[in-house]
Chemist: 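Pasting a structure here, questions to come.
Throughout, protein chains are lettered first and strands after them, A, B, ... in sequence-line order, and every chain is numbered starting at 1.
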Amino acid sequence: MKKFINDPADVVAEALAGLAAAHPGLRVNAGEQYVARADAPRPGKVALVSGGGSGHEPLHGGFVGAGMLDAACPGEVFTSPVPDQILAATKAVDGGAGVVHIVKNYTGDVMNFQLAAELAADEGLSVETVLVDDDVAVENSTWTAGRRGTGATLLVEKIAGALAEEGGKLGEVAAIGREVNAASGSFAYALTAGTTPAAGRPGFDLPDDEIEAGVGIHGEPGRRREKLRPARELVRSALDAILDARPLTRGDRALVLVNGLGGTPLIELYLVFGEVAAVLAERGVEISRNLVGNYVTSLDMAGLSITLTKATDEMIRLWDAPVNTPGLRWGA
Amino acid sequence: MKKFINDPADVVAEALAGLAAAHPGLRVNAGEQYVARADAPRPGKVALVSGGGSGHEPLHGGFVGAGMLDAACPGEVFTSPVPDQILAATKAVDGGAGVVHIVKNYTGDVMNFQLAAELAADEGLSVETVLVDDDVAVENSTWTAGRRGTGATLLVEKIAGALAEEGGKLGEVAAIGREVNAASGSFAYALTAGTTPAAGRPGFDLPDDEIEAGVGIHGEPGRRREKLRPARELVRSALDAILDARPLTRGDRALVLVNGLGGTPLIELYLVFGEVAAVLAERGVEISRNLVGNYVTSLDMAGLSITLTKATDEMIRLWDAPVNTPGLRWGA
Amino acid sequence: MDVALAITWLRAAAEAVTADADELTRLDSAIGDGDHGVNMRRGFTAVTAVLDATEFTGVGDVFVRAGTALISKVGGAAGPLYGSAFRAFGKTLPAGPEVGLADLVTALHAGLDAVTRLGGAAPGDKTLVDAYRPALTAFEEAVAGGAALAEAAAGAARAAGDGARATISMTARKGRASYLGDRSAGHQDPGATSTWLIFQALADVTAP
Amino acid sequence: MDVALAITWLRAAAEAVTADADELTRLDSAIGDGDHGVNMRRGFTAVTAVLDATEFTGVGDVFVRAGTALISKVGGAAGPLYGSAFRAFGKTLPAGPEVGLADLVTALHAGLDAVTRLGGAAPGDKTLVDAYRPALTAFEEAVAGGAALAEAAAGAARAAGDGARATISMTARKGRASYLGDRSAGHQDPGATSTWLIFQALADVTAP
Ligand SMILES: Nc1ncnc2c1ncn2[C@@H]1O[C@H](COP(=O)(O)OP(=O)(O)O)[C@@H](O)[C@H]1O
Ligand SMILES: Nc1ncnc2c1ncn2[C@@H]1O[C@H](COP(=O)(O)OP(=O)(O)O)[C@@H](O)[C@H]1O
Ligand SMILES: [Mg+2]
Ligand SMILES: [Mg+2]
Ligand SMILES: [Mg+2]
Ligand SMILES: [Mg+2]
């Protein structure tokens with residue numbers, strides 16, 4: 001394993017120290033291990049708290065700031081945060097109008113956030129939870145852990161964050177978050193596995209002509225192993241899978257995220273976005289807004305995910321609202 | 001080689017198509033192969049044109065927009081653009097106040113931009129050239145190709161771009177660009193080599209416990225091969241090399257860029273920024289502004305560069321000025 | 001079981017998950033995200049610290065505090081599951097410095113109920129339940145048959161081991177491994193394996 | 001040399017750099033950025049297209065147009081250097097459909113001067129100059145000694161090959177390879193190698 005780190009056990013804490021040094025607009029609580037807006041709590045504003053394992057940067061710490069999250073709780077690498085830190089963050093940013101927890105649908109994340117929400121309720125806080133489960137590669141079923149939360153998390157955080165910033169009420173902010181999630185589908189490919197500092201070697205090995213299709217963001221293998229194909233074909237397969245689960249028809253508008261998983265260069269992401277745009281144009285779907293880059297990553301995994309969200313006027317309006325975070329900034 | 005591409009020969013053109021589809025604020029001329037602001041030429045404004053091989057994204061195409069470049073000329077991967085496209089871009093964005101070429105110091109880039117500048121002069125345009133050569137890993141000498149242009153290119157483009165946007169004259173814009181370059185030093189490490197689509201395999205092989213120190217951004221090996229060491233030590237060595245060439249003393253202010261080369265996750269870049277901040281704090285150097293992320297990349301190379309620029313009030317003011325490009329945006 | 005034995009058991013469990021952390025991580029890399037060993041080691045290191053720093057007067061309290069430490073330090077799926085299991089186990093034990101075999105049976109049921117309530121996994125879903133449940137059954141039957149703690153614990157450890165190995169052929173329906181669909185078959189579940197280690201630790205420290 | 005031979009030479013050079021493109025890229029990967037083969041192939045493909053599309057009346061014009069195509073299509077260091085060399089070579093030749101051996105010597109000098117003016121490389125800097133210069137010297141001496149074109153070209157090709165191989169031990173002082181410092185020694189320069197291919201192509205098409 002070759003990484004720019006010191007002791008593997010200190011990676012998360014040291015990266016948080018770097019984040020704090022880089023961004024005066026953030027307040028990093030090293031002891032409780034959370035990242036909050038420096039100006040939190042904001043009285044009367046619904047607060048948004050998210051979190052999850054580290055290794056997905058800029059998610060979530062890089063999305064803390066005006067117009068998006070009030071706090072983020074990074075766990076160890078690929079390990080969901082613990083209830084204590086979620087509770088501490090929730091209390092730190094609660095401005096009296098309630099707190100929305102944005103939780104990616106993984107057993108660990110769900111349970112830890114749930115425990116934290118119960119503890120917060122015990123202390124008299126109002127918490128609403130928005131569960132993100134956009135990954136269409138996983139067959140949904142009440143008898144399994146269900147679909148994973150991946151790229152759509154960014155859209156949920158941005159759009160719900162914008163509504164909270166402009167004064168949305170607790171129920172409204174949670175509702176738009178759920179609406180964005182329900183309107184979103186994602187599909188990802190990996191060319192290589194990432195390496196966690198603790199494990200010290202890639203999560204899986206792939207021959208030089210094979211890829212994993214339907215991967216998540218935790219270095220786990222995907223739904224199936226396939227031969228590498230031209231980007232054009234991979235994009236078509238991914239869009240077929242997404243549109244099967246989340247139909248978009250002629251005249252619909254979409255928010256599109258082409259997201260690198262950490263080890264894929266931007267030139268490839270743009271090439272892929274070009275292919276996505278071509279397919280959606282064929283199908284008569286308009287791309288209202290897009291984002292191309294590394295936003296919801298899986299350490300150094302070479303790979304990418306595509307997320308489509310069926311857009312409403314309100315979503316587009318909130319997408320365009322100012323946001324000022326380390327990882328996403330416009331209008332500010 | 002595993003990449004999200006179709007035919008290796010089409011990568012640059014297809015990525016440009018994706019860039020065009022993603023950013024309506026850009027005008028991509030596919031035939032002449034350049035990217036320009038959609039609102040160019042802007043009468044009376046000094047225009048900035050840069051370019052270089054592809055594979056360094058978001059540099060340069062991602063830095064076209066208000067407050068930064070007026071046009072960028074992407075060459076083939078790691079191959080400088082040709083005079084024809086530089087000339088076409090120069091003519092397309094000239095608003096009558098002259099054009100500044102920002103050129104990274106590589107033999108190919110220098111010669112192609114020089115030929116283009118001569119052709120532009122023949123057509124009556126005023127062109128000033130700013131050469132960027134910040135990489136302190138290369139010993140400077142008039143008897144060699146001199147130092148490479150790397151991370152400082154972003155700072156030159158941002159700061160000179162801001163001055164041009166607010167009405168700076170041709171000579172002033174070129175002067176501040178040269179001043180930023182002279183005040184900057186960079187040093188880079190690679191953990192792995194990148195793979196160009198055309199070559200199809202990594203530029204070099206490294207054992208699992210060795211790194212290349214003093215690399216550039218074209219996949220070439222560095223000045224020396226070393227054992228991997230903790231990030232803390234690598235940062236100290238890099239800063240020693242930079243500060244030897246570009247001294248910063250107690251009370252000085254610095255702009256700091258911790259730049260990923262494409263395959264290194266953000267969590268490591270932040271960890272490294274934390275180490276840089278610690279060393280500069282020890283030395284009494286204030287970090288006035290910073291940027292942590294993938295900005296001047298080398299395809300999928302796992303590695304990073306550190307750039308320090310000794311800052312003046314004017315540089316900081318221009319750094320803070322609004323910029324609205326795909327790769328860098330604030331205040332807009 | 002008295003306070004001292006409870007502590008001895010948890011220390012032995014801590015040693016076991018620490019010694020086998022790499023193996024647990026390797027199992028988790030195959031069908032999960034490669035952190036189970038690190039998670040368990042971090043959690044049981046915290047448990048050990050609590051044991052070092054606390055004077056206990058009741059057996060149940062040992063497990064409640066251990067469970068709280070796991071919840072606070074592990075994260076992931078394992079933290080809440082094991083943490084809640086130990087907390088429920090401890091809370092169900094009668095107050096006082098010593099508990100009997102029947103108390104342990106009841107408490108083991110409470111622990112499993114907590115896991116099921118939180119995680120919703122059924123037997124065969126390829127989770128730690130597939131080691132826990134047979135271990136509990138074996139323990140309960142041994143106690144019903146008049147066995148002493150050492151014998152009951154040895155039977156539980158054997159059953160947990162068999163249960164863990166039986167997960168190899170299962171297709172996961174809960175936890176991260178379920179994302180792999182059919183591809184999860186052929187690999188032993190990491191959580192079932194760590195459950196086995198914990199029951200084995202009890203067998204080891206009670207062995208005559 | 002007449003127009004037909006000039007065209008035949010350039011087509012043979014195009015074939016040679018295309019056939020050896022992978023090898024040129026491999027050499028450039030070791031001490032540069034791994035694009036020289038691709039660059040030369042792209043450039044000479046453009047040259048071939050120009051040859052296909054154009055009626056030439058003068059020998060010089062063939063090379064001027066080829067050089068222009070190289071400048072427009074290659075990029076990198078090789079584009080301007082080879083492009084300017086071919087343009088200077090062609091411009092120095094006397095107008096008309098046939099040129100003599102002495103004209104070729106003068107034109108080769110002009111080509112080398114263009115390379116030196118643009119790139120500033122001296123012999124020993126580990127660049128294409130280290131193949132071009134000995135080739136020119138050999139050609140000039142052969143012509144002075146009364147040799148015919150075939151013989152002079154064969155000598156030039158041999159000298160270019162020797163020069164290219166001699167770059168192996170050199171430490172680069174120009175171009176990308178100079179960034180490697182001492183580490184550039186031990187590798188053959190890609191540009192010197194492609195220069196050798198071009199001279200070899202002339203030897204091949206003139207061989208009796
Ligand atoms: N719903 C569940 N019920 C019971 N056990 C579960 C459940 N989900 C996961 N597990 C157990 O947790 C183990 C994984 O733990 P760990 O790797 O620490 O957490 P994570 O999956 O969050 O990375 C699995 O091997 C499995 O035994
Ligand atoms: N200053 C120079 N003078 C002469 N030849 C040079 C000079 N710089 C580079 N070269 C030649 O160019 C070759 C590299 O060409 P190429 O790989 O196509 O361009 P780049 O170096 O821009 O990638 C080198 O092998 C060398 O022979
Ligand atoms: Mg985990
Ligand atoms: Mg090149
Ligand atoms: Mg795990
Ligand atoms: Mg090259």
Side-chain angles (χ1 to χ4, degrees), chain A residues 1-7 11-12 14-22 54-55 57-58 62 77 189 191-192 194 206 208-209 211 228 230-232 234 258 262-278 287 290 292 294 297 299-300 302 304 324 326 329-332, chain B residues 1-7 11-12 14-22 54-55 57-58 62 77 189 191-192 194 206 208-209 211 228 230-232 234 258 262-278 287 290 292 294 297 299-300 302 304 324 326 329-332:
Chain A
M1 170 184 56
K2 290 194 285 190
K3 290 189 175 293
F4 294 105
I5 60 174
N6 298 303
D7 187 322
V11 169
V12 173
E14 292 179 356
L16 280 180
L19 190 76
S54 292
E57 291 68 26
V77 173
Y189 293 105
L191 305 184
T192 66
L206 270 176
D208 206 38
D209 61 341
I211 65 173
L228 177 63
R232 188 175 295 131
L234 293 176
V258 171
T264 288
L266 203 49
I267 191 169
E268 295 177 38
L269 300 182
Y270 272 112
L271 187 151
V272 163
F273 181 77
E275 300 291 350
V276 173
I287 301 182
N290 72 80
V292 180
N294 288 282
T297 63
L299 291 173
D300 50 351
L304 59 81
N324 188 355
R329 173 149 63 172
W330 54 73
Chain B
M1 169 184 58
K2 290 194 284 189
K3 291 187 176 292
F4 294 105
I5 61 175
N6 298 303
D7 187 323
V11 169
V12 173
E14 291 178 356
L16 281 179
L19 189 77
S54 291
E57 291 68 25
V77 173
Y189 293 104
L191 306 183
T192 66
L206 270 176
D208 206 37
D209 61 341
I211 63 172
L228 177 62
R232 189 175 294 132
L234 293 176
V258 171
T264 287
L266 203 49
I267 191 170
E268 296 178 37
L269 301 182
Y270 272 113
L271 188 152
V272 163
F273 181 78
E275 300 292 349
V276 172
I287 301 182
N290 72 79
V292 179
N294 288 283
T297 62
L299 292 173
D300 50 352
L304 59 81
N324 189 353
R329 173 148 64 172
W330 53 75

Chemist: Could you state the interatomic distance from CG (B/Asn294) to CG (A/Asn294), rounded to the nearest 0.5 Å?
Modeler: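 Between B/Asn294 CG and A/Asn294 CG, I get 6.5 Å after rounding to 0.5 Å.
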
Chemist: If the condition is side-chain hydrogen bond (donor to acceptor under 3.5 Å, both in side chains), which residues does B/Asp208 pass it with, not counting sequence neighbours?
Modeler: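 Scan of B/Asp208 (side-chain hydrogen bond (donor to acceptor under 3.5 Å, both in side chains), adjacent residues dropped) gives none.
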
Chemist: Quick one: what part of B/Pro58 sits under 4.5 Å from any heavy atom of chain A, side chain, backbone, both or neither?
Modeler: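 B/Pro58 touches chain A through backbone and side-chain heavy atoms alike.
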
Chemist: Which atoms of A/Ala332 come close to chain B, meaning under 4.5 Å heavy atom to heavy atom: side chain ones, backbone ones, both, or neither?
Modeler: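 Looking at A/Ala332, just its backbone touches chain B.
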
Chemist: Side chains of A/Pro265 and B/Thr297: closer than 4.5 Å at any heavy-atom pair?
Modeler: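 A/Pro265 does not reach B/Thr297 side chain to side chain.
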
Chemist: Heavy-atom distances under 4.5 Å only: say whether B/Val11 touches chain A with side chain, backbone, both or neither.
Modeler: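 Looking at B/Val11, backbone and side chain both touch chain A.
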
Chemist: Which one, B/Gly262, B/Ala22, B/Gly263, B/Ala17, leads in non-hydrogen pairs under 4.5 Å with chain A?
Modeler: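 Looking at each option in turn, the highest pair count goes to B/Ala22.
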
Chemist: What residues form a side-chain hydrogen bond (donor to acceptor under 3.5 Å, both in side chains) with A/Glu275, not counting sequence neighbours?
Modeler: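 Per chain and number, A/Glu275 pairs via side-chain hydrogen bond (donor to acceptor under 3.5 Å, both in side chains) with B/Asn6.
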
Chemist: Just give me the residue among B/Ile287, B/Leu19, B/Asp300, B/Leu228 that pairs up with chain A most often, heavy atom to heavy atom, under 4.5 Å.
Modeler: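 Most heavy-atom pairs under 4.5 Å with chain A: B/Leu19.
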
Chemist: Counting heavy-atom pairs under 4.5 Å to chain B, which of A/Val276, A/Leu299, A/Leu16, A/Asn324 comes out on top?
Modeler: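 Heavy-atom pairs under 4.5 Å are most numerous for A/Leu299.
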
Chemist: With a 4.5 angstrom heavy-atom cut-off, is it the side chain or the backbone of B/Leu269 that approaches chain A, or both, or neither?
Modeler: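 The answer is neither part of B/Leu269.
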
Chemist: Tell me, do B/Leu234 and A/Phe4 make a side-chain contact under 4.5 Å, heavy atoms counted?
Modeler: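 They are in contact (side-chain heavy atoms under 4.5 Å apart), so the answer is yes.
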
Chemist: Relative to chain A, which of B/Ile267, B/Asp209, B/Asn290 shows the most heavy atom pairs under 4.5 Å?
Modeler: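 Answer, by heavy-atom pair count under 4.5 Å with chain A: B/Ile267.
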
Chemist: Mind listing the closest non-hydrogen atom pair of A/Ala15 and B/Tyr270 along with its distance?
Modeler: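 For A/Ala15 and B/Tyr270, the tightest heavy-atom pair comes out as O-CB, 3.7 Å.
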
Chemist: Under a 4.5 Å cut-off applied to non-hydrogen side-chain atoms, are A/Leu206 and B/Lys2 in contact?
Modeler: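 Answer yes - side chains close enough.
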
